[in-house]
Colleague: 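My questions will all concern the structure given below.
Note that the structure is predicted; figures quoted are calculated from it, not measured. Chain A is the first sequence line, chain B the second, and so forth, proteins listed ahead of strands; every chain is numbered from 1.
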Amino acid sequence: MLDKNFDPKSFEKNFSFEIEASVRKPGADPFMVLLPPPNVTGSLHIGHALCYTLQDILARYKRLKGYDVLFQPGLDHAGIVTQLVVEKQLYERGVEKGSLSREALLKEIWYWKENSANRIVDQMKALGISCDFAKLKFTMDEDCKRAVAKMFVKLYEDGLLYKGERMVNWDPMICSAISDLEVAEKEVKGNLWYIKYMFEDSTSEYIEVATTRPETIFGDVAVAVNPEDQKLKHLVGKKVVVPLTDRVIPIIVDKYADPKKGSGAVKITPAHDFNDYEVGKRHKLPIIDIMNENAKLNNNVPDIFQNLDRFEARKLVVELLEKKGLLIKSEEIKQVLPFGDRSGAVLEPHITNQWFVNTESLAKKAIDVVKQGRIKFIPKHWENLYFEWLRNIKPWCVSRQIWWGHRIPAWYGPDGQVFVAETEEEAMRKAKKFYGKNRIALSQDEDVLDTWFSSGMWPFVTLGWPDDTKDFKRFYSNTVVLTGFDIIFFWVSRMIMMGLYATGEVPFRDVYIHSLIRDEKGQKMSKSKGNVIDPLELRDKYGADAVRYTLTYLSSPGHDIRMTEKHAEIGRNFLTKFWNVIRFSQMNGCIFNKEFSPNKATPLIAQWIINEIKNMLISVEADIENYRFDEAVKHIYQCLWGSFCDWYIEYIKPILQGSTIIENEKQNYDLDYTLLKKDIRDTTAWAILQFIRVLYPIVPFISKKLSGEIGVLDMEWPNTNTITANFSDAVTKINIIREIVTSIRAMKQYMNIPLGQKIGFKIESNNADMVEFVKSQSLHIEQLAGVKLKSESIYNSVPVVVQNIILHLEWNGTVDTTAELNRLNKELAKLNQIKNATQARLNNMEFIEKASPETVQEHKDRIIDIDTKINGITYIIKSLESIS
RNA sequence: GGGCAUUUAGCUCAGCGGUAGAGCAUUACGUUCACAUCGUAGGGGUCGCAAGUUCGAACCUUGCAAUGCCCACCA
């Protein structure tokens, strides 16, 4: 017997789903859920919980449907982030950045990774995520390493990957190149300084140049003006002196200079600006790099500036310019600067030697497969974002100057000759052949690959690529990916590009983009703001199922989710209800009966609930297939709470509990009471099993617990095809009873009669069958509405009208009918309004001609229906008026 | 500058051509033993604005506004 208190903690810890997650069904259709591997940087946040819960629902649902499901878990080494986190930890322990050797630091990071990985896996299990943890993969596992090297070599040999000197976004804090995607632009306050660049041959004449970065003047190689600039173009060809130096540079003409911006003349600093770099190339200008990797000024600048940080140097330059009278003015402006999204440092454009993947041809194919519908985004509009990015794709800088990651499989000979190979042995073989001798000292490239290089290979690496494994043949492409929109570029598009390139096939069919969770004000959750929700804390308070249920309930796609901890009550309340209704059924001896067939149920109320449940099951299945997990939950909720608990259970109480009542009223039942009771018990147990099963993907812990409780352990998806009986008559009849009960309750409320206080009533109708039917259900009506059917006459009464039935409620107290009359008149007005609108349409010939016959019929029925209601209300109004 | 999304009850959101819905909050009443993490009944919305298409628009089209996000650029 279930405990009176619903306490998830008491049973959630008893369940583990590892075994069912690892079950393989060789004969069944394959289905793969590819879990986006979390970073090994710490613990999971509520966004992970949402993402994983939805995937788990899908995986469990497919398992119940009989698919052979591979729910693949994994972890991402997350290069830069992880290294930064560990370095920070070390720093807090007194280890200076850069003081450890490569090996020593990597050892520290591996140690961190082990801890983090264990914690994350534990958290996933605590939330009931049913991955096949035996297959847990880490992006730096040996087989991943091999696959990454293979991919790198393949790209290199196909000419899609090359090393070259380019200007890249450089993070001076990490001291590494980063890709364009890792740049976050932010608006900040800055200054625009107007500086005099004196003409070489003059002490008073100058050209005015505006800049936000005066410290870079030492890298200036020209001043450019626009060819159309009438005011300045006559200066082209003249030479000016770079302020604070004696270096002379030319004034050149280039359309890049915009007469409307700054002073119209722009300084050209090819080593420190993307646009200037291009201008420099066009004009074959020299490149003067004035900064070190950490953004301190190098020895290409005057002595006093050397070794100064760029921002200190800026201050000093401005100060000296002012002193020398070379500063014209300084304006405060707002400017957008590039920041490293991991380090938060202001990035520097920096010319270095990096490895690039030429993604253009890969991107074209990646666009095509989505255009052709071979991969679908859900919701579809995310495809736009995907297309936009791929159409404007630039070479992907994949090398990083850090230590944590896949070391680039390239080796250099003593003369710098590069040998790209999957292994050092292979590189050596190539080198020997190249140099024609046996003793060669090769050194491996110091850099590692961008994290997303290995993540991009996730769909096939996890399946054993490059080996042609059984799993690969079976699951590749039969996959769904659920993730947030923020990694469509980073991850989804790279998986598609690399998947197509490596295997020639799409890596997955569906990409479901879930919403992002924000706080109640719509702000992004972040630790520094203190507005984060920890899924594990929430679980400790409310239980894992409640968290899962709530997240699913809130997961409507298309916009962000605003969430507070209080939302978890949605789940908790629902599960409490679920728990309690099963407790009720237990207390009333409803035990699952294998022999029971829903098609053979005879009591009206049984037929009605079977029909409700059937409809619910059909909806839920469609909802999940359409990734509408929120709708699925709402359909279950509505059926369980609104139909099953509120009506079915209340309705059957007199049958299950009130045997004496039944005995007294036996003449109202054609059925044998014992049989009736058995039928109801069977139906109740059957219904509960359906709920347990349909809820299992969403709230697996309680479902497991309860299925154990009712003694049906095997989980399978409810099959609605076996429910074939037509119960439409029961539906109609029970709905009449519901309407009667609701109407009586409302009237009693208006008469200020407590629901518990039984009052007499009589039935009147011009339809004798209807009277008989209502009488046959009087026991239930009496219980549900707090009334008592009288055989003798009632003298003082108020009427309740439902369809063509009038119920006279016995009442001889004084009634303040004003409020009720107000309400009725309001309702009457509304009904008339609807009736008129409907009638107007029916009077419209165009409507009759153009609307579908069903719609027209529906309108006609509506008129009849409304007329009945209007007559009823009019009758009540008249009666009430005569009372008062 | 380009693009995408959102705008429906006090709040959070469903609905996306045919009588405006849910949960929470709110009001009144109620603990008869499944459940007060509850029950019963009620109140509350010219569906952002405007035009158009349609027999009929919250829903389709266009324009506008507000909000959020993405991309690109800035001396």
Side-chain angles (χ1 to χ4, degrees), chain A residues 2 4-6 185 192-194 209-213 224 256-258 260-267 273 275-276 333-336 379 381-382 384-385 388-389 392 485-486 488-489 516 518 520 522 542 546 553-554 556 558-564 566-567 569-588 628 630-631 634 637-638 642 645-646 649-650 653 657 741-742 745-750 752-756 783-786 819 823 830-831 833-835 837-838 840-841 844-852 854-856 858-859 862 865-866:
Chain A
L2 290 177
K4 183 167 164 46
N5 286 323
F6 166 60
E185 313 253 322
L192 185 59
W193 286 278
Y194 291 77
V209 173
T211 180
T212 53
R213 304 203 56 193
Y256 166 65
D258 184 342
K260 290 196 243 10
K261 283 181 189 160
S263 61
V266 59
K267 70 194 210 56
D273 183 282
N275 288 307
D276 292 10
I333 56 157
K334 277 183 188 167
Q335 61 181 146
V336 179
H381 66 79
W382 291 111
N384 296 329
L385 189 71
E388 189 200 304
W389 186 70
N392 302 311
F485 75 87
D486 49 333
I488 290 178
F489 302 150
L516 251 46
R518 297 173 173 276
E520 60 209 307
Y542 295 95
Y553 176 91
L554 294 173
S556 49
H559 54 72
D560 295 340
I561 299 166
R562 294 188 180 196
M563 186 181 175
T564 62
K566 196 176 182 297
H567 278 107
E569 289 178 8
I570 297 170
R572 184 201 54 188
N573 293 357
F574 174 78
L575 295 171
T576 308
K577 191 77 177 175
F578 187 32
W579 179 270
N580 275 299
V581 76
I582 291 175
R583 246 187 99 229
F584 170 85
S585 77
Q586 277 190 331
M587 293 164 88
N588 287 283
R628 287 305 303 265
D630 60 324
E631 289 285 301
K634 280 161 199 166
Y637 176 97
Q638 209 173 13
C645 293
D646 289 350
I649 292 290
E650 295 304 324
K653 272 180 181 173
Q657 302 178 330
V741 169
T742 307
R745 283 169 176 171
M747 183 56 86
K748 283 180 75 179
Q749 196 104 356
Y750 271 97
N752 273 324
I753 305 166
L755 195 64
Q783 287 283 301
L784 292 167
R823 189 185 72 89
K830 199 183 157 195
L831 284 170
Q833 196 191 329
I834 296 167
K835 185 189 165 182
T838 312
R841 278 191 211 160
N844 183 339
M845 281 317 289
E846 279 189 287
F847 172 74
I848 303 291
E849 282 165 23
K850 292 181 183 168
S852 73
E854 294 82 34
T855 307
V856 175
E858 210 178 285
H859 278 65
R862 191 185 300 161
D865 183 47
I866 289 177

Colleague: What's the closest nucleotide to the side chain of Ala210(A) if the choices are A75(B), C35(B), C24(B)?
Modeller: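 Of all the options, the side chain of Ala210(A) is nearest to A75(B).
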Colleague: Start at the 5' end of RNA chain B and walk down; is the nucleotide closest to Ser585(A) or to Arg518(A) reached first?
Modeller: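 Its nearest nucleotide lies further toward 5', so the answer is Ser585(A).
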Colleague: Tell me which nucleotide, if any, is Watson-Crick or G-U wobble paired with C16(B) when both distances must be under 3.5 Å.
Modeller: none
Colleague: Tell me whether the side-chain N/O atoms of Arg572(A) come closer than 4.0 Å to OP1 or OP2 in U37(B).
Modeller: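 For Arg572(A), the contact criterion (side-chain N or O under 4.0 Å from OP1 or OP2 of U37(B)) is not met.
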Colleague: Just verifying a value: how many Å separate Lys830(A) NZ and Gln833(A) CD, rounded to the nearest 0.5 Å?
Modeller: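 One finds 8.5 Å between NZ of Lys830(A) and CD of Gln833(A).
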Colleague: Could you let me know what A36(B) is paired to, Watson-Crick or G-U wobble, both distances under 3.5 Å, or none if it's on its own?
Modeller: none
Colleague: By nearest atom, which of the nucleotides C73(B), C35(B), A41(B) is closest to the Lys577(A) side chain?
Modeller: C35(B)
Colleague: Is the shortest side-chain N/O distance from Arg862(A) to OP1 or OP2 of U19(B) below 4.0 Å?
Modeller: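 The answer is yes; a side-chain N or O of Arg862(A) sits under 4.0 Å from OP1 or OP2.
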Colleague: Can you tell me, in whole Å, how much space there is between the C1' of C38(B) and that of U31(B)?
Modeller: 9 Å
Colleague: Heavy atoms under 4.0 Å, any strand shown: does Ala837(A) hit a base, just sugar-phosphate, or nothing?
Modeller: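 Here Ala837(A) touches no strand at all.
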Colleague: Evaluate the side-chain proximity of Leu575(A) to Tyr542(A): yes if any heavy-atom separation is below 4.5 Å, no if none is.
Modeller: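 The answer is no; the side chains never approach within 4.5 Å.
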Colleague: Taking A22(B) as the reference, what is the distance to G15(B) when you measure between their C1' atoms (whole Å, please)?
Modeller: 10 Å
Colleague: Starting at atom CG of Asp630(A), determine the distance to atom P of C13(B), rounded to an integer number of angstrom.
Modeller: 12 Å
Colleague: Examine the base of A34(B) for any acceptor or donor lying under 3.5 Å from a partner atom in the side chain of Lys653(A), and report the outcome as yes or no.
Modeller: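 When only heavy-atom distances are counted, Lys653(A) does reach the base of A34(B) through a donor-acceptor pair under 3.5 Å.
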Colleague: Taking only the P atom of each, what is the distance from C59(B) to A9(B) in whole angstrom?
Modeller: 15 Å
Colleague: Name the nucleic acid region contacted by Phe578(A), choosing base, sugar-phosphate or nothing; use a 4.0 angstrom heavy-atom cut-off, strictly under.
Modeller: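 No contact.
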Colleague: Just checking Gln638(A): does its CD atom have more than 12 heavy atoms from other residues, nucleotides or ligands closer to it than 6.0 angstrom?
Modeller: no
Colleague: Under 4.0 Å, heavy atoms only, any strand: does Ser263(A) hit a base, just the sugar-phosphate, or nothing?
Modeller: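 If one applies the 4.0 Å heavy-atom cut-off, Ser263(A) turns out to touch nothing in the nucleic acid.
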Colleague: Please report, rounded to the nearest Å, how far the C1' atom of C73(B) is from the CG atom of Asp273(A).
Modeller: 11 Å
Colleague: Scan every strand shown for a Watson-Crick or G-U wobble partner of G1(B), both distances under 3.5 Å, and answer none if you come up empty.
Modeller: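 When the pairing criteria are applied, C71(B) turns out to be the nucleotide that pairs with G1(B).
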Colleague: Using a heavy-atom cut-off of 4.0 Å across all strands, would you classify Asp560(A) as base, sugar-phosphate, or nothing?
Modeller: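 Sugar-phosphate contact only.
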Colleague: For a quick check of understanding: with a heavy-atom distance under 4.0 Å over all strands, which category does Ala851(A) fall into, base, sugar-phosphate or nothing?
Modeller: base
Colleague: Please round to the nearest 0.5 Å and tell me the distance separating atom NZ of Lys267(A) and atom CG of Asp276(A).
Modeller: 7.0 Å
Colleague: Expressed in angstrom and rounded to an integer, what is the separation of Lys830(A) atom NZ from G42(B) atom P?
Modeller: 12 Å
Colleague: Quick check: on RNA chain B, is the nucleotide nearest Tyr194(A) upstream (toward 5') of the one nearest Pro754(A), or the reverse? Name the residue that is more 5'.
Modeller: Pro754(A)
Colleague: Can you check the Glu858(A) CD to U19(B) C1' distance for me, whole Å?
Modeller: 9 Å
Colleague: Quick one: label Thr212(A) by what it contacts on the DNA or RNA (base, sugar-phosphate, nothing), any heavy atom closer than 4.0 Å.
Modeller: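 Result for Thr212(A) = sugar-phosphate.
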Colleague: If I pick the P atom on A14(B) and the same atom on A66(B), what distance separates them, to the nearest angstrom?
Modeller: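 It comes out at 23 Å once rounded to the nearest Å.
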Colleague: Given G15(B), is OP1 or OP2 found less than 4.0 Å from the side-chain N or O atoms of Lys634(A)?
Modeller: no
Colleague: Of all the nucleotides listed (C70(B), G39(B), G18(B)), which has the minimum atom distance to the side chain of Asp646(A)?
Modeller: G39(B)
Colleague: With side chains defined as the heavy atoms from C-beta onward, is the minimum distance between Lys577(A) and Asn573(A) less than 4.5 Å?
Modeller: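 Sidechains of Asn573(A) and Lys577(A): no contact.
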Colleague: If you measure from CD1 on Ile649(A) to CG on Asn580(A), what distance do you get to the nearest 0.5 Å?
Modeller: 11.5 Å
Colleague: I'd like to know if Glu631(A) reaches the base of A22(B) with its side chain, counting only an N/O donor and acceptor under 3.5 Å.
Modeller: no
Colleague: Determine the contact category for Arg841(A): base if any of its heavy atoms lies under 4.0 Å from a base atom, sugar-phosphate if only primed atoms, P, OP1 or OP2 are that close, otherwise nothing.
Modeller: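 Contact class for Arg841(A): base.
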Colleague: Would a 4.5 Å heavy-atom cut-off, applied to side chains only, mark Lys653(A) and Glu650(A) as touching?
Modeller: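 In short, these two side chains touch, coming nearer than 4.5 Å.
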Colleague: Of the listed nucleotides (C73(B), U12(B), C70(B)), which one gets closest to any side-chain atom of Val336(A)?
Modeller: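 Of the candidates, C73(B) comes closest.
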Colleague: For G23(B), give its Watson-Crick or G-U wobble partner with both distances under 3.5 Å, or none.
Modeller: C11(B)
Colleague: Establish whether the base of A34(B) is bridged to the side chain of Gln586(A) by a donor-acceptor pair shorter than 3.5 Å.
Modeller: no
Colleague: Write down the distance between CG (Asn573(A)) and P (C38(B)), rounded to a whole number of angstrom.
Modeller: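 Taking atom P of C38(B) as the reference, CG of Asn573(A) is at 4 Å.
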Colleague: Under 4.0 Å: is that the gap between some side-chain N or O of Arg628(A) and OP1 or OP2 of G15(B)?
Modeller: yes
Colleague: With rounding to whole Å, what would you report as the distance between G3(B) and C11(B) at their P atoms?
Modeller: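 These two P atoms come out 32 Å apart once rounded.
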Colleague: Nearest to the Asn580(A) side chain among A75(B), G18(B), A34(B), which nucleotide is it?
Modeller: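 Of all the options, the side chain of Asn580(A) is nearest to A34(B).
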Colleague: How are the rings of Phe485(A) and Trp382(A) set to each other: parallel, tilted or perpendicular (split at 30° and 60°)?
Modeller: parallel
Colleague: When rounded to the nearest 0.5 angstrom, what is the spacing between OG1 in Thr211(A) and CG in Leu192(A)?
Modeller: 7.5 Å
Colleague: Heavy atoms from C-beta onward define the side chain here; which of C35(B), C33(B), U12(B) lies closest to that of Arg583(A)?
Modeller: C35(B)
Colleague: Between G23(B) and U37(B), how far apart are the two C1' atoms, rounded to whole Å?
Modeller: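 Roughly 14 Å separates the two C1' atoms.
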Colleague: Taking 4.0 Å as the cut-off, does a side-chain nitrogen or oxygen of Lys748(A) come that near to OP1 or OP2 on A41(B)?
Modeller: no
Colleague: Could you please name the option among C4(B), A25(B), C35(B) that lies closest to any side-chain atom of Lys4(A)?
Modeller: C35(B)
Colleague: Could you tell me the Watson-Crick or G-U partner of A50(B), where both distances fall under 3.5 Å? Say none if there is no partner.
Modeller: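 WC or wobble partner is U62(B).
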Colleague: Please give, in whole Å, the distance from G2(B) C1' to Glu388(A) CD?
Modeller: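 Those two atoms, CD and C1', are 7 Å apart.
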Colleague: Nearest to the Ala746(A) side chain among C35(B), A41(B), C73(B), which nucleotide is it?
Modeller: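 In terms of side-chain proximity for Ala746(A), the closest of C35(B), A41(B), C73(B) is A41(B).
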Colleague: If you look at every strand shown and take non-hydrogen atoms under 4.0 Å, does Ile834(A) touch a base, only sugar-phosphate, or nothing?
Modeller: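 Base contact.
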Colleague: Using atom CZ of Phe489(A) as one end and atom P of G3(B) as the other, report the distance to the nearest whole Å.
Modeller: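 My rounded result for the distance is 16 Å.
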Colleague: Could you grab the distance from atom NZ of Lys4(A) to atom CZ of Arg583(A), nearest 0.5 Å is fine?
Modeller: 5.5 Å
Colleague: Has Ser556(A) got a side-chain N or O lying under 4.0 Å from the OP1 or OP2 atom of A14(B)?
Modeller: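 Checking Ser556(A) against A14(B): at least one side-chain N or O falls below 4.0 Å of OP1 or OP2.
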Colleague: Quantified in whole Å, what is the P atom distance between nucleotide C64(B) and nucleotide G2(B)?
Modeller: 11 Å
Colleague: Rounded off to whole Å, could you give me the NE2-to-P distance for the His559(A) and C16(B) pair?
Modeller: 14 Å
Colleague: In whole Å, what separates the C1' atom of U19(B) from that of A25(B)?
Modeller: 27 Å
